[in-house]
Peer 1: 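Let me begin by handing over the structure; questions about it come next.
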Amino acid sequence: MTAPAPSSDHRRPATRTAEIRCRDGNHTLELTDREVVAERLLRSSRRHSFDPDTDVGWDAAQDPDRFYLPPRLVSIYETPLWDGLSHRRRVELSKREMCSIASFGIWSEMLLMKALLTHVYRHRYDSDHVGYALTEIADECRHSRMFGRMVRTCGLRTHRPRALEYQAAKLTGMVYDPMPMFGGTLAVEEFTDAFQRLTFPDETIQPMIRQVTRIHVIEEARHIRYAREELKRLVAEAPPMRRRMAGYALARMTRMTVAQVVHPSCYTAVGLDPGLARRVAARSPHRRATMAWAFRKCTGFFDEIGFLDGRARDVWARAGLLE
């Protein structure tokens, strides 16, 4: 018996890409049909997804002399404070900072999952667009569990952000506004992705850390693509003033939260004064160059879509996050 032809709802959309000018006429964006993007990402998810419970060697011995983060990514690298630390204390600081980034990542991913559900609630539930969003949420659930287990395996505990950010984040989702949600997603994911792309190929890093970061880089690439496509679509439809306001708010939010990536307890654990260490890191030319480098793909994309127009660019520049 001949199988029935697939329903037209499941055929690939005829229109794949289109160029659209933003309302102010200053930015031209190439948009790909939502269903085409989602279909590609779903295929990639089926081919390249991992189970951290079995794909990470959690029982591997941790060498006390091997770093957990490439030294050049540690916040006080190339400062007098770094020079004054013994090798073992430098390793310990790298472990603490890696676990601090993981804690920040768990908090960020929880906010993303919450906002993403709110976003796709308004779309057709049987679409590939919603199907991929649910797949991404499943990825993020695994990532959060993976990061939490990594922190515990390192003998540490996760921590929350400062009370201000923690309490303010509870309000997310009360007002539906996907533009800053996807912008914030890219700011966090592009930053962590840059750090991890240097970490997992580095054979001097602890094997367990390399495995965790490799999984996250591979799966997060799909999330970045999804967020970029949605943000382009939202920006193309928004009035210029609305886009500039969203870009400015995102710049302020990023500047505030990026300072919380390294928890003060990281410095205390290696005998440093946390206030002094944070000030030294903030003034360090190497650290500022590293952070601008880590955000380069993100800020380049934001410039392309008009998120650096107006006052937003000044905020990014003052924060030292523009190359």
Peer 1: Determine the interplanar angle of the Phe147 and His216 rings, folded into 0 to 90°, and report it as parallel if under 30°, tilted if 30 to 60°, perpendicular if over 60°.
Peer 2: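 Phe147 and His216: tilted rings.
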
Peer 1: Under the salt bridge (Lys or Arg N to Asp or Glu O under 4.0 Å) criterion, do Asp309 and Arg243 qualify, and how do the steps go?
Peer 2: CA-CA 9 Å; Asp309 292 356; Arg243 186 192 71 237; 2.9 Å; yes

Peer 1: Are there over 12 heavy-atom neighbours, none belonging to Arg89, within less than 6.0 Å of that residue's CZ?
Peer 2: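 Result for CZ/Arg89: open.
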
Peer 1: Any salt bridge between Asp128 and Arg43, counting N to O under 4.0 Å?
Peer 2: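 Salt bridge: no.
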
Peer 1: Among side-chain atoms of His143 and Glu219, is any donor-acceptor pair under 3.5 angstrom?
Peer 2: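 Judged by distance alone, the side chains do pair up.
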
Peer 1: State, yes or no, whether a side-chain contact exists between Arg233 and Leu29 at a heavy-atom distance under 4.5 Å.
Peer 2: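 No. Closest side-chain heavy atoms not under 4.5 Å.
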
Peer 1: Hydrophobic clusters here meaning ILVMFWY residues chained together by side-chain heavy-atom distances under 4.5 Å, can you tell me if Met241 and Phe307 are in one?
Peer 2: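 Not linked; separate clusters.
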
Peer 1: Hey, are Glu165 and Thr257 close enough side-chain-wise for a donor-acceptor pair under 3.5 Å?
Peer 2: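 On atom types as modelled, these side chains do not qualify, holding no pair under 3.5 Å.
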
Peer 1: Could you please spell out the steps behind the salt bridge (Lys or Arg N to Asp or Glu O under 4.0 Å) verdict for Glu92 and Arg96?
Peer 2: CA-CA 6 Å; Glu92 181 67 18; Arg96 301 259 172 179; 2.8 Å; yes

Peer 1: Given side chains that start at C-beta, do those of Val91 and Asp65 come closer than 4.5 Å, heavy atoms only?
Peer 2: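 Of all side-chain heavy-atom pairs linking Asp65 with Val91, none is under 4.5 Å.
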
Peer 1: Rounded at 0.5 Å granularity, tell me how far NE2 in His286 sits from OG1 in Thr290.
Peer 2: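 That separation rounds to 3.5 Å.
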
Peer 1: Are any of the side-chain heavy atoms of Thr213 and Arg197 separated by less than 4.5 Å?
Peer 2: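 They are not in contact (no side-chain heavy atoms under 4.5 Å apart), so the answer is no.
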
Peer 1: Is the Lys NZ or Arg CZ of Arg210 less than 6.0 Å from the centre of Phe200's six-membered ring, within 45° of the axis?
Peer 2: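 No - Arg210 does not lie over the ring of Phe200 by the 6.0 Å and 45° rule.
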
Peer 1: Phe295 vs Phe191 aromatic rings, parallel, tilted or perpendicular, using cut-offs 30° and 60°?
Peer 2: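 The rings of Phe295 and Phe191 lie parallel, inter-plane angle below 30°.
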
Peer 1: For Gln167, does the CD atom have more than 12 heavy-atom neighbours from other residues, nucleotides or ligands under 6.0 Å away?
Peer 2: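 Enclosed: over 12 neighbouring heavy atoms sit under 6.0 Å from CD of Gln167.
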
Peer 1: Please say whether more than 12 non-hydrogen atoms of neighbouring residues, nucleotides or ligands are located less than 6.0 Å from CE in Met253.
Peer 2: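 More than 12 heavy atoms, drawn from other residues, nucleotides or ligands, come within 6.0 Å of this atom.
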
Peer 1: Is a donor from one side chain sitting under 3.5 angstrom from an acceptor on the other, for Tyr77 and Arg72?
Peer 2: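 Side-chain D/A pair, Tyr77 to Arg72: absent.
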
Peer 1: What is the ring orientation for Tyr226 with Tyr132, classed by angle as parallel under 30°, tilted 30 to 60°, or perpendicular over 60°?
Peer 2: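 Ring orientation of Tyr226 relative to Tyr132: tilted.
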
Peer 1: According to the interplanar angle, ranging from 0 to 90°, do the rings of His263 and His159 count as parallel (below 30°), tilted (30 to 60°) or perpendicular (above 60°)?
Peer 2: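 Tilted: the ring planes of His263 and His159 meet at 30° to 60°.
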
Peer 1: Working to the nearest 0.5 Å, report the span between CE of Met208 and CZ of Arg149.
Peer 2: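 With rounding to 0.5 Å, CE (Met208) is 9.5 Å from CZ (Arg149).
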
Peer 1: Are more than 12 heavy atoms, taken from residues, nucleotides or ligands other than Arg252, located less than 6.0 Å from that residue's CZ atom?
Peer 2: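 12 or below, so no.
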
Peer 1: Using a strict cut-off of less than 4.0 Å between a Lys/Arg side-chain nitrogen and an Asp/Glu carboxylate oxygen, indicate whether Arg34 and Glu230 qualify as a salt bridge.
Peer 2: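 A salt bridge is present here (some side-chain N lies under 4.0 Å from a carboxylate O).
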
Peer 1: So do the side chains of Leu231 and Thr185 get within less than 4.5 Å of each other, counting heavy atoms only?
Peer 2: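 Result no, sub-4.5 Å side-chain heavy-atom pair not found.
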
Peer 1: Are Phe67 and His87 close enough that their ring centers fall under 6.0 Å?
Peer 2: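 Between His87 and Phe67, which both carry aromatic rings, the centre distance is below 6.0 Å.
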
Peer 1: From Arg278 CZ over to Leu272 CG, what is the distance, rounded to the nearest 0.5 angstrom?
Peer 2: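 The CZ atom of Arg278 sits 13.0 Å away from the CG atom of Leu272.
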
Peer 1: Indicate yes or no: at least one non-hydrogen side-chain atom of Glu190 is less than 4.5 angstrom from one of Ile224.
Peer 2: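 Yes; the side chains approach each other to less than 4.5 Å.
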
Peer 1: Within this structure, what is the CG-CG distance for the pair Leu93 and Leu81, rounded to the nearest 0.5 Å?
Peer 2: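 Going from the CG atom of Leu93 to the CG atom of Leu81 covers 10.0 Å.
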
Peer 1: Salt bridge or not between Asp53 and Arg142? Use side-chain N to carboxylate O under 4.0 Å.
Peer 2: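 Looking at Arg142 together with Asp53, the answer is no, because their closest N to O distance does not fall below 4.0 Å.
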
Peer 1: To the nearest 0.5 angstrom, please state how far the CG atom of Leu250 sits from the CE atom of Met179.
Peer 2: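 Interatomic distance, Leu250 CG to Met179 CE, rounded to 0.5 Å: 11.0 Å.
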
